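Right, one structure below, let's go through it.
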Amino acid sequence: MKPLHFTVNGKAVVTRVAPRTHLADLLREELRLTGTNLGCEHGVCGACTLEVDGAPARSCLTLAITCEGAKVRTIEGFDDDPVMAALREAFSEHHALQCGYCTPGMLVTARDIVIRLPQADEARIREELAGNLCRCTGYVGIVRAIASVIAARNSAAGGR
Amino acid sequence: MKAPAFGYERAHSVEEALLFYASGDEDAKYLAGGQSLGPLLNLRLARPSMLIDVRSIDELRECTQTPDGLVIGAGVTHAAIEDGAVPGPVGAFLAVIAHGIAYRAVRNRGTLGGSLAHADPAADWVSTMALLDAQLDVRGVTGERQVPAESLVEGPLATKLAPDELVVSVRLPGWSAAARFSYYKFNRKPGEFADAIAGFAYDPERGVCRAVIGATDGAPAVIADALELLAAAEASEAAVTAAGFEPGSFEHHVHAVALRRARDRLIAR
């Protein structure tokens with residue numbers, strides 16, 4: 001076990017981890033932040049996607065021990081985020097989730113698309129979503145939800 | 001799907017990383033972004049005794065233009081390259097390649113040097129750096145040397161690097177402003193490992209025309225004088241056969257199509 005100091009959703013965390021423990025397991029098993037879901041555990045499904053130092057990362061491919069000094073933000077850490085609030089609303093409105101298992105990772109990826117690619121059209125949104133698998137919705141609602149948030153932000157920015 | 005137990009050390013300089021290697025045993029491995037090693041650990045296909053984390057080494061993240069070309073730190077992430085970390089026309093080409101690697105969440109952590117050292121024959125940088133005639137600056141416990149990207153890979157996940165050797169940077173020759181590049185990869189889903197890769201790099205000012213056939217069973221096949229291939233699309237089939245693919249096979253067909261499409265893209269530029 002090795003010492004680890006990092007920040008999770010704005011709170012300082014001091015703990016000890018085995019080097020083999022990945023970030024998702026530490027968050028779920030020790031910190032009881034079970035909003036991060038694990039699917040494939042080899043980087044393909046995207047369910048465990050969260051933010052490390054402001055950028056999306058696979059928590060199953062991120063060893064917890066490598067997060068020394070890092071700022072980790074899980075789906076539980078976006079309650080006050082206006083973009084995430086708009087996405088939550090849009091996901092609900094466009095039926096962008098059914099079982100909800102992919103949703104935490106999907107939302108983190110969606111937020112990254114909205115902020116990083118304000119010009120993204122449907123094709124680009126679909127391409128960017130290639131790393132997040134949803135087996136319920138067929139993606140139509142997810143793509144529409146993200147496109148609607150991008151459109152709303154662009155019209156708000158244009159009207160200013 | 002949980003990694004086996006291993007030790008862990010975090011290095012803050014290349015010297016320190018090499019020191020950790022020298023004081024451990026030979027089953028230690030360097031860890032950069034961990035986006036290829038992570039799955040192998042979780043699947044227990046890789047069982048290192050210790051991981052030496054090189055993510056905190058600032059030197060590995062530098063990217064500089066030199067009179068001879070470009071030097072890209074091995075620890076530069078795919079996402080940084082996608083976002084334009086590498087200057088000039090070569091940087092613009094590399095940005096397109098980087099955008100096609102896996103997914104953004106993976107690109108945010110995965111690194112250029114890590115991908116090369118991992119040596120999956122279907123990885124984009126393995127083919128791209130061979131195409132661009134790059135040299136890898138490598139440092140080991142007993143010294144440093146350069147390894148041509150073209151002859152780095154010996155087979156799937158096997159390279160000419162000794163276990164103690166760490167890729168420090170990737171050195172690209174000075175492609176002129178007139179140089180043009182093209183790349184085509186065939187995969188069934190964006191972000192998947194490629195079934196076939198092909199690329200062209202043509203610099204009329206330096207009289208260089210190279211092509212690459214990638215996603216092979218081992219090293220990418222580099223055609224150092226690809227002018228003939230550029231002149232005639234029909235030459236693609238023979239080039240793919242020369243690269244070791246069996247005529248009539250699916251692999252032959254898909255590589256030949258990729259090569260022709262890369263050629264068409266270069267001409268269209």
Side-chain angles (χ1 to χ4, degrees), chain A residues 1-4 17-25 29 38-70 105-106 108-113 115-117 120 123-133, chain B residues 1-12 28-56 75 77-80 82-83 99-111 114 118 187-193:
Chain A
M1 299 288 264
K2 294 241 177 196
L4 171 66
V17 285
R20 66 188 283 256
T21 304
H22 60 58
L23 179 57
D25 272 349
E29 305 291 330
L38 279 166
C40 71
E41 287 194 276
H42 63 284
V44 174
C45 79
C48 71
T49 307
L50 43 65
E51 256 190 34
V52 178
D53 292 329
R58 301 285 205 233
S59 56
C60 74
L61 296 188
T62 303
L63 293 169
I65 190 75
T66 66
C67 293
E68 177 70 29
M106 203 60 90
V108 171
T109 300
R111 184 173 172 279
D112 178 57
I113 296 170
I115 292 169
R116 187 168 52 88
L117 304 166
R124 185 66 192 267
I125 293 170
R126 285 181 176 276
E127 188 192 356
E128 294 290 328
L129 281 178
N132 289 74
L133 302 184
Chain B
M1 300 303 283
K2 305 292 180 192
F6 45 77
Y8 174 88
E9 295 292 349
R10 185 181 301 111
H12 294 90
K29 260 187 104 61
Y30 298 112
L31 170 73
Q35 301 301 288
S36 297
L37 187 56
L40 291 192
L41 289 171
N42 288 0
L43 293 163
R44 303 209 170 189
L45 293 170
R47 289 170 171 272
S49 57
M50 177 171 75
L51 292 182
I52 302 163
D53 188 350
V54 298
R55 291 181 73 241
S56 306
T77 63
H78 313 317
E82 179 183 20
D83 294 345
H99 173 66
I101 298 173
Y103 320 107
R104 183 73 184 186
V106 170
R107 298 197 288 274
N108 281 329
R109 290 181 78 81
T111 66
H118 179 69
N187 45 10
R188 286 161 196 253
K189 173 178 166 285
E192 264 190 348
F193 276 110

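Computed from a prediction, not measured in an experiment: that's the story for all the values here. So you know, we letter chains A, B, ... as the sequences are listed, proteins then strands, and number each from 1.
Taking CG of B:Leu41 as the reference point, atom NE2 of A:His22 lies at 11.0 Å (rounded to 0.5 Å).
With a threshold of 4.5 angstrom between heavy atoms, A:Thr66 approaches chain B through its backbone and through its side chain. Proximity to chain A is absent for every atom of B:Leu40, based on heavy atoms less than 4.5 angstrom apart. Proximity to chain B (any heavy atom under 4.5 Å) is restricted, for A:Asp112, to the side chain, taken from C-beta onward. For a residue to count as touching a neighbouring chain, one of its non-hydrogen atoms must lie under 4.5 Å from one of that chain's; by this rule A:Asp25 touches chain B with the side chain only. Interface remark: A:Arg126 contributes no atoms to any contact with chain B (heavy atom separation under 4.5 Å). Interface remark: A:Glu51 contributes no atoms to any contact with chain B (heavy atom separation under 4.5 Å). Residue contact with chain A, scored on non-hydrogen atoms closer than 4.5 Å, involves the backbone and the side chain of B:Tyr8 alike. If you measure heavy-atom distances from A:Leu38 to chain B, the contacts under 4.5 Å come from the side chain alone. Using a 4.5 Å cut-off between heavy atoms, B:Leu37 does not touch chain A at all. Within the 4.5 angstrom heavy-atom criterion, no atom of A:Ala18 approaches chain B. Looking at A:Leu129, there are no atoms closer than 4.5 Å to chain B (heavy atoms on both sides), in backbone or side chain.
Without hydrogens or angle criteria, B:Gln35 side chain to A:Leu61 main chain gives a donor-acceptor distance under 3.5 Å. No donor-acceptor distance shorter than 3.5 angstrom exists from the side chain of B:Asn108 to the backbone of A:Ala55, with no hydrogens or angles considered.
The greatest number of non-hydrogen atom pairs below 4.5 Å with chain B, out of A:Leu50, A:Val108, A:Ile113, A:Thr62, is found for A:Thr62. When the candidates B:Ala105, B:Ala5, B:Ala102, B:Gly38 are compared by the number of heavy-atom contacts under 4.5 Å with chain A, B:Ala105 comes out ahead. Note: B:Lys2 leads B:Lys2, B:Lys189, B:Glu192, B:Arg107 in heavy-atom pairs under 4.5 Å with chain A. Ranked by heavy-atom pairs under 4.5 Å with chain B, the list A:Glu127, A:Arg20, A:His42 is led by A:Arg20.
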* To do: For the pair B:Arg55 and A:Glu68, evaluate side chain to side chain contact (heavy atoms under 4.5 Å, CB included) and give the outcome as yes or no after the intermediate values.
  => CA-CA 11 Å; B:Arg55 291 181 73 241; A:Glu68 177 70 29; over 6 Å; no
* Take A:Ile65 and B:Leu51 through the side chain to side chain contact (heavy atoms under 4.5 Å, CB included) test and state the conclusion after the steps. => CA-CA 11 Å; A:Ile65 190 75; B:Leu51 292 182; over 6 Å; no
* Asked: Does the pair A:Val52 and B:Arg109 meet the rule for a side chain to side chain contact (heavy atoms under 4.5 Å, CB included), with working shown?
  -> CA-CA 10 Å; A:Val52 178; B:Arg109 290 181 78 81; 3.9 Å; yes
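In summary, A:Lys2 and B:Glu9 engage in a salt bridge, as defined by a charged side-chain N under 4.0 Å from a carboxylate O.
Smallest separation of non-hydrogen atoms from B:Pro190 and A:Ala130: O-CB, 3.5 Å.
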